[in-house]
Amino acid sequence: AYAVDKARELLAELALSSNVDYLMFWDSDIILVESDAVLQMIRLNAPVVCLPYYEKTLLGSSLRRFDGVHVGGRIPGSEITRSSEVMQVDACGLGATLISTDLLKKLDRPWFQSGPDTLGEDIFFFEKVRKLGIQPIALMPRTALHYLDRDIVLTPNGMVATISAASQLAAQKGDSK
């Protein structure tokens with residue numbers, strides 16, 4: 001098994017060597033609520049697109065803003081729920097993130113790194129993106145659920161829900177299209 005940063009680094013190398021347009025990080029504990037979410041992310045034709053989800057730390061959303069020193073300030077949930085189709089962010093958790101391989105080619109390696117001098121592999125990556133002047137976006141209101149355990153998930157607003165309730169949410173979103 002690899003550490004998360006090393007695994008992401010290997011996947012990025014594989015994406016580049018495979019000559020694909022995008023690398024999609026979709027962590028095993030993330031559930032995409034809408035079946036067309038990845039297609040919608042691709043259609044935005046942006047260097048980085050992420051879906052918001054609530055973090056397991058229970059500290060808030062995966063979406064971040066630059067706080068004057070580094071990319072780390074969480075965007076308040078009230079701002080997220082008011083957002084339109086697309087929201088500009090400075091960073092996000094990488095659990096549901098689409099990255100263009102053209103962007104990876106512009107960045108120096110390593111792309112993802114964790115350690116005592118970083119805030120995690122995701123913030124490390126987005127600090128590099130920020131230095132290029134690239135603005136990541138979050139696809140709203142499409143959302144992802146974050147597993148806490150096999151029967152319980154965190155909804156994007158931080159509420160705890162059962163898998164059956166989450167399935168009902170997904171079905172309702174599908175009906176509204």
Side-chain angles (χ1 to χ4, degrees), residues 2-30 32 34 36-57 59-77 79-144 146 156:
Y2 289 97
V4 173
D5 59 339
K6 302 298 182 222
R8 293 197 195 285
E9 197 77 12
L10 287 171
L11 289 169
E13 289 172 6
L14 180 62
L16 287 175
S17 68
S18 299
N19 200 30
V20 297
D21 294 327
Y22 295 98
L23 168 62
M24 177 70 195
F25 286 128
W26 181 359
D27 290 0
S28 63
D29 61 350
I30 297 291
L32 301 184
E34 297 182 16
D36 69 340
V38 176
L39 181 59
Q40 293 301 319
M41 294 167 85
I42 291 169
R43 285 183 181 155
L44 289 172
N45 196 30
V48 183
V49 182
C50 54
L51 295 177
Y53 57 88
Y54 208 82
E55 294 184 347
K56 285 184 178 180
T57 59
L59 294 176
S61 166
S62 61
L63 303 180
R64 302 279 202 282
R65 285 253 167 72
F66 180 68
D67 67 6
V69 177
H70 53 76
V71 178
R74 285 179 176 79
I75 297 175
E79 191 174 330
I80 293 168
T81 56
R82 288 194 314 264
S83 178
S84 60
E85 183 80 12
V86 173
M87 178 180 194
Q88 289 190 338
V89 298
D90 291 319
C92 58
L94 290 169
T97 303
L98 184 77
I99 302 168
S100 80
T101 52
D102 286 340
L103 173 59
L104 290 173
K105 292 172 188 173
K106 293 176 185 175
L107 296 171
D108 292 331
R109 293 180 189 191
W111 300 291
F112 311 98
Q113 185 172 327
S114 294
D117 297 331
T118 70
L119 293 174
E121 87 285 355
D122 46 5
I123 300 301
F124 181 86
F125 172 75
F126 284 105
E127 290 282 357
K128 294 181 116 176
V129 170
R130 184 177 174 280
K131 287 177 184 171
L132 285 181
I134 293 172
Q135 184 78 52
I137 57 175
L139 182 59
M140 312 294 280
R142 287 164 179 80
T143 53
H146 206 172

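Predicted model only: the values in this text are computed from it and were never measured. We're numbering straight along the sequence, starting at 1.
- Between the side chain of Glu85 and the main chain of Leu139, no donor-acceptor pair closer than 3.5 Å is present.
- Residues meeting the side-chain contact (heavy atoms from CB on, under 4.5 Å) test with Asp102, sequence neighbours left out: Ser100, Lys105.
- Between atom NZ of residue Lys128 and atom CD of residue Gln113 there is a gap of 8.0 Å, rounded to the nearest 0.5 Å.
- Between Phe125 and Leu103, the closest side-chain pair of non-hydrogen atoms falls below 4.5 Å.
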**OP:** For side-chain contact (heavy atoms from CB on, under 4.5 Å), just list the numbers for Phe124 and Asp5, CA-CA rounded to whole Å, side-chain angles, deciding distance to a tenth of an Å, and then say yes or no.
**Re:** CA-CA 10 Å; Phe124 181 86; Asp5 59 339; over 6 Å; no
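- Applying the salt bridge (charged side-chain N to carboxylate O under 4.0 Å, His left out) test to residues at least two apart or on different chains, none of the pairs has a partner in residues 42-51.
- The side-chain heavy atoms of Val129 and Pro47, taken from C-beta on, include no pair separated by under 4.5 Å.
- Between Phe112 and Phe25, the ring-plane angle classifies as perpendicular under the 30° and 60° cut-offs.
- The shortest non-hydrogen separation linking Lys106 to Leu132 is CB-CD1, 3.9 Å.
- Within the 3.5 Å criterion, the main-chain N or O of Ile30 finds no donor-acceptor partner in the side chain of Tyr53.
- Between atom CG of residue Leu94 and atom CD1 of residue Ile123 there is a gap of 8.5 Å, rounded to the nearest 0.5 Å.
- For the atom pair CD (Glu34) and CG (Leu51), the distance works out to 9.0 Å, reported to the nearest 0.5 Å.
- Of the inter-residue distances, the one linking Leu107 atom CG with Ile99 atom CD1 reads 9.0 Å to the nearest 0.5 angstrom.
- Taking CG of Asp122 as the reference point, atom OG of Ser114 lies at 7.5 Å (rounded to 0.5 Å).
- A side-chain donor-acceptor contact under 3.5 Å links Glu9 to the backbone of Trp111.
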Contacts under 3.5 angstrom, residues 14-24 side chains, donor-acceptor by atom type, not counting sequence neighbours:
unit_1	atom_1	unit_2	atom_2	d
Ser17	OG	Glu13	O	3.3
Ser17	OG	Leu14	O	3.1
Ser18	OG	Leu14	O	2.7
Tyr22	OH	Asn45	OD1	3.3

